[in-house]
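One structure is given below, encoded as structure tokens.
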Amino acid sequence: LKADIFLPSCSPDHKLRQIRAAGANLHVVDGPFAEAASRCADFVAANDALLVHPFEDPAVIAGQGTLGLEILEQSPDVTKVIVAVGGGGLAAGIVIALDGGAEVIAVEPKACPSLAEALRAGMPVAAPVGGIAADSLGAPVIGEVAFSVLAPSVRHAVTLSEKAILDAQQQLWQEFRLAVEPAAACSWAVLESTEVSFAADDCIVVVICGGNVNPQEMAAWASS
Ligand SMILES: Cc1ncc(COP(=O)(O)O)c(C=O)c1O
């Protein structure tokens, strides 16, 4: 893989190791996601490189939308899809693919509320970045393209405490033997949230993606 990848220093070691193992040049930037994005922009300008933004790119959003198409193919009766939001590209792609055929429930950690803050302000605004899922969901501001797709269709972003995320992560392991990272457990946590109510005839799809789980955490679960 010929690529230069810029990540913030909060990224977990196992994620960095996997990227290096794939052969990419990894640049770990001191500071949050915004700092890594800015160093990446400098690199792109200096090297005339192709920028692949993690969420603010219609082509990336279209690619993520294929997940929505797969949902429709495998669960044509779907009524609700629960998906975690960082910069919003994944949720936006799914909204476009579902084309109003099912409701998208967006979820994010209370510690990284980029969509909740943007919905409150009526436009993308800087949001706090922190907590256990920041390395995946810690976009400092929701993407402009994603917000333009999400704002009309997602009335509300469910926000989760750190404990709710950890509980969901544990439950996915204990009950289903799914080893997922905190960001990926967020969507599952919505099922326990009092912020959302479901109807008896709802057909719910929970998007659980992201396996960058810390091996030490896994070892602790295995012995619990
Ligand atoms: C596990 C997981 N879920 C959801 C997302 C959300 O992606 P987006 O930034 O497109 O909202 C990410 C982003 O990295 C992720 O790692």
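One-based numbering, in listed order, for ligands and for the atoms of each. Since this is a predicted model, take the numbers as computed values, not measurements.
Under 4.0 Å from ligand 1, not a single heavy atom of Asn212 appears. At a heavy-atom distance under 4.0 Å, no atom of Ala91 approaches ligand 1.
Contact check for Val28 versus Ser11: no side-chain heavy atoms found under the 4.5 Å cut-off. Using a 4.5 Å cut-off on side-chain heavy atoms (C-beta onward), Ile71 and Val207 make contact. For the pair Lys80 and Val196, the minimum side-chain heavy-atom distance is 4.5 Å or more. Under the 4.5 Å side-chain criterion, counting only non-hydrogen atoms from C-beta, Leu51 is in contact with Cys40.
Looking at Gly87 next to ligand 1, an N or O pair under 3.5 Å apart turns up. Remark: ligand 1 and Gly86 share an N or O pair separated by less than 3.5 Å (distance only, no angle test). Considering backbone and side-chain atoms alike, Leu90 places an N or O below 3.5 Å from some N or O of ligand 1. Looking at Ala184 next to ligand 1, no N or O pair under 3.5 Å apart turns up.
The option from Gly138, Ser136, Cys209 that lies nearest to atom 1 (C) of ligand 1, judged by heavy atoms, is Cys209.
Atoms of ligand 1 found under 4.0 Å from any heavy atom of Gly88, numbered from 1 in the order shown, are 8 (P), 9 (O), 10 (O), 11 (O). Close approach of ligand 1 to Val85 is summarised as follows: ligand atoms under 4.0 Å from at least one heavy atom of the residue are 11 (O). Ligand-side atoms of ligand 1 in range of Ala84: 4 (C), 6 (C), range being under 4.0 angstrom from any heavy atom. Listed by atom number, the atoms of ligand 1 under 4.0 Å from Gly210 heavy atoms are 1 (C). Those atoms of ligand 1 that come under 4.0 Å of a heavy atom in Gly89, given as number and element, are 8 (P), 10 (O), 11 (O). Every atom of ligand 1 is numbered from 1 in the order shown, and the set under 4.0 Å from a heavy atom of Gln64 is 10 (O).
Taken together through direct or relayed side-chain contacts under 4.5 Å among Ile, Leu, Val, Met, Phe, Trp and Tyr, Leu137 and Phe55 form parts of separate hydrophobic clusters.
Aromatic ring pairs are classed by plane angle as parallel below 30°, tilted from 30° to 60° and perpendicular above 60°; the pair Trp188 and Phe176 is perpendicular.
Using 4.0 Å as the threshold, Ala139 has no heavy atom nearer than that to any atom of ligand 1.
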Take Val206 and Leu191 through the side-chain contact (heavy atoms from CB on, under 4.5 Å) test and state the conclusion after the steps.
CA-CA 9 Å; Val206 183; Leu191 298 177; 4.1 Å; yes
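The single protein non-hydrogen atom nearest to atom 12 (C) of ligand 1 is Leu137 CD2, 3.8 Å, given as residue, atom name and distance.
Between Gly210 and Ala184, the closest heavy-atom pair is O-CB, 3.4 Å.
Counted within 6.0 Å of CD on Glu195, heavy atoms from surrounding residues, nucleotides or ligands total more than 12; the atom is thus considered enclosed. For Asn47, the CG atom counts as densely surrounded, since its 6.0 Å shell holds more than 12 non-hydrogen atoms of other residues, nucleotides or ligands.
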